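Just so you know, these numbers come straight off a predicted model, no measurement behind them. Naming convention: chains lettered A, B, ... in sequence-line order (proteins, then strands); numbering from 1 in each chain.
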Amino acid sequence: MHDYFLTLGVERTFSFENAALERRFHDLQRQSHPDRFSGSSGGILESALERSSDINEAYRTLRDPLRRSKHLLALYGFSVEQSKQVPMDLLELVMNAQEKVAELDSASEDSKAEILASIDPLLDELAERRAVIDLESDKLRAEWDALPSHSEPGAAETDAEKIILQQLASRLASRAYVTTLLDSLSAASKGESMVLKH
Amino acid sequence: MPLQITLPGQNAGGKVVGIDLGTTNSLVAYVEFGEAKVIPGRDGGLVPSVVTLDDYGNVTAVGVAAKRRALVDAGHTVYSVKRLMGKSYSDVQKESGMLSYKLVPREEGLVRITIGGKEYTPIELSGFVLAELKERAEKYFDEPVSKAVITVPAYFNDAQRQATKDAGRLAGLDVLRIINEPTAAALAYGLDRKKNGTFAVFDLGGGTFDISILKLTDGVFEVLSTNGDTYLGGDDIDRRLMELFLSQITRIEPGFTPSPEELQQIRLEAERAKIALSSAHSFTVDLNFTQKNIVYKRNLTRGEVEMVARPVLERTKKPCLEAMKDAGLTPKDIEEVVLVGGATRMPAVKELVHELFHKKPHDSLNPDETVALGAAIQANVLSGGGQDILLLDVTPLSLGIETIGGMMSTIIPRNTTIPTKAQENYTTFADNQTGVIVNVFQGERDLVKDNRHLASFTLKGIPPLPAGAAKVEVNFLIDADGILHVSAKEVYTGIESQIEVKPSYGLSDEEIERMLRESIQFAKQDIAVRKLTESKTEGERVVAATEKVLGQIRRGDVKIAPEKMQTLNINQMIDALYALKKSLAGEDAKEIGDNLSALEHATEPLAHEIMNASVSEALSGKAVEEVS
């Protein structure tokens, strides 16, 4: 797995400054872009193409806060793939949502409006839940960034590091779940799709 | 401080030109003394992208001359071939009625055009236009030109880009880079302004529409997003005007079916009316079909053209909105909108852009030349000049592969900065399976059938292993030209798989190689034919001149002292004369050449004597020259 922090030569932190990252990206591309090697032999051109592609992908990953978080976690071996299992703290919300969709599906035209109205508070609750997760995640990110030093990926992490990353990974997984739920429910309430995906 | 790298391999020798290969017009430009300029020809800078061929496959006219030929020899004259690049017959069938040349009605593969019983691909025909531009540059510099940067619409797919590159190859050009037209325009515009910021390029040409949003930071031109329609342009407005004229003509003359030449006449008048009405408010359409004794004359107003053009122009809206959305920007984030392409001269286009971006577009650039100038600047960069400039472009369309159920699985999303690469793993589903077929598509739809099939890649040479044991790692790489490269290897054994590429709407490498070989052979044949004709003409001229002098001597018109006659060896001269006459009846250029030299050698003393004797009154000055 590529370490895009290494590719761009930036620290493995969650926070970053946009302008500085962009400058770094431009400087590296000025050196590595295949246009700099036009007319060179195949081998040189090929390695420029490889390197330039890596720099592009690294920039694409690190300039996006969510992708950057996932990449950092993945480097340390924490997967944030959305699990098939419903996170325990979301169980009640999920069941509620499913119930609404089922009701909506079999409801007569008259009662639809009523059910739809009862979906709105659910949507609000989900949005609120996501905001809380975001706050918690930001706090964890800040904690990581504030550590005096970070272990190299692959080397054994300190307990402090492990705790932060593990908690963040689980928050991000929950966040993904909430987002999917939110999208399906709001689509269902607009009558776009009656299938609740999860 | 960016590191400066200059390599011995950099395109030091030979000039690199920038070419705008347009639907309607093409140009070639070059940077001289730090300034980009269009290389002019006898008829100005624009070369109409029109080619006339004879029945034997010889190009008889390109550019302005070919555009004139279209009116008298429409069936042998092709135009707007750029619209056919990377297309199949069924893609373009609906408008073939408005074309004055014939398409081959064959469903599969790249569309073909038939001229005088011979079939041509749009690639070859574009190659002829490129060859003309190459020649123009060579004349201008008085040295061979073999390297070029060629522009393409930003929304061109992989097949169309590859087709353009192949056309360059067929024209004898080493295409160092394919760059996007709006990006090229941005280069010309941005360098002129020397201002950092975010701007949009709205490029409505003869046949294609592009919108690109770019950010310029200290010489780095970074494309944030691009969108467009490769089948939308001024041509569509012309076509709608043609339809309007035609419907009105047939209302008066119900039996009127236009010949290809008359169709051309209507097309050119439609184009003229559209152009005139960008500055004037009314125009008199005047079509005279002398052979049929039909005159169609009417007044056309700007309002009428705008009404006809409206549905065409409306189609530019969605791509603009999508480009802004993909870049994560709103109109207020875009500082300026630059207009490029001849069709943006229409006041209606300017109004539409104003409305879309909430600001008056920047229209002070020459919309015809900007793209070519940008290509020249990039050509200069690739030659080692202007090293502080860097283009970072994006791939306009998502690249994906076919998965179960005909679904499109995107592996490189649209607007990803290029070059870029992605990896996919494949496994075998049968024991000892040694091949895998990968179907690659470009487009934004969920089902592959709604997207463009680019090619089938057949991976061969997978070591025979139990089902599922072999793992093939396939690497997809989109280079800086936006062209896809695929490589594969079996992970377990590390064996590189061979890949057989079958492009759906293009030519395979083998086909291009064959065309190149044939064109070289053809060129050799051409040279041989030309040489034979030249030596015959020369031989006949010398025979005539020699016979004339001999006659004059015989008749005493030219007097030569008898003692001199001995040394002149008239008999040897006569022998050489007959030998040459005999060879002139044959087809051997070398034999003619040899006999010609022999005769010239034999007549040398005579010519000398005639000169000495100052009998020039008997011979015109020319005759003496001819004898010697």
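- Residues A/Gln29 and B/Leu391 form no side-chain contact, since every pair of their non-hydrogen atoms from C-beta on lies 4.5 Å or further apart.
- Proximity of B/Leu390 to A/His26: side-chain heavy atoms (C-beta onward) are nowhere separated by under 4.5 Å.
- Residues of residues 139-150 of chain A placed with any heavy atom under 4.5 Å of a heavy atom in chain B are absent; none qualify.
- Contacts between B/Ile478 and chain A at a heavy-atom distance below 4.5 Å are absent for every atom of the residue.
- The most heavy-atom pairs under 4.5 Å with chain A, out of B/Lys421, B/Glu222, B/Gln378, come from B/Lys421.
- With sequence neighbours left out, the side-chain hydrogen bond (donor to acceptor under 3.5 Å, both in side chains) criterion links A/Glu22 to B/Lys215.
- Among the residues in residues 48-76 of chain A, those with a non-hydrogen atom closer than 4.5 angstrom to a non-hydrogen atom of chain B are A/Leu49, A/Glu50, A/Ser52, A/Ser53, A/Asp54, A/Asn56, A/Glu57, A/Tyr59, A/Arg60, A/Arg63.
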Determine, step by step, whether B/Val220 and A/His33 satisfy the side-chain contact (heavy atoms from CB on, under 4.5 Å) criterion, reporting the C-alpha distance in whole Å, the side-chain angles of both residues, the deciding distance to 0.1 Å, and the verdict.
CA-CA 12 Å; B/Val220 179; A/His33 196 277; over 6 Å; no
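- Residues of residues 120-130 of chain A lying under 4.5 angstrom from chain B, judged on non-hydrogen atoms, do not exist.
- Heavy-atom neighbours of B/Glu143 CD from other residues, nucleotides or ligands within 6.0 Å: above the threshold of 12.
- In this structure, the separation between CZ on A/Phe25 and OG1 on B/Thr217 is 10.0 Å, given to the nearest 0.5 Å.
- Dense packing is recorded around CG of A/Asp134, with more than 12 heavy atoms of other residues, nucleotides or ligands lying under 6.0 Å away.
- With a 6.0 Å radius and a threshold of 12 heavy atoms from other residues, nucleotides or ligands, A/Gln167 has its CD atom above the threshold.
- Nearest approach of A/Arg36 to B/Ile389, heavy atoms of both residues: NH2-O, 3.1 Å.
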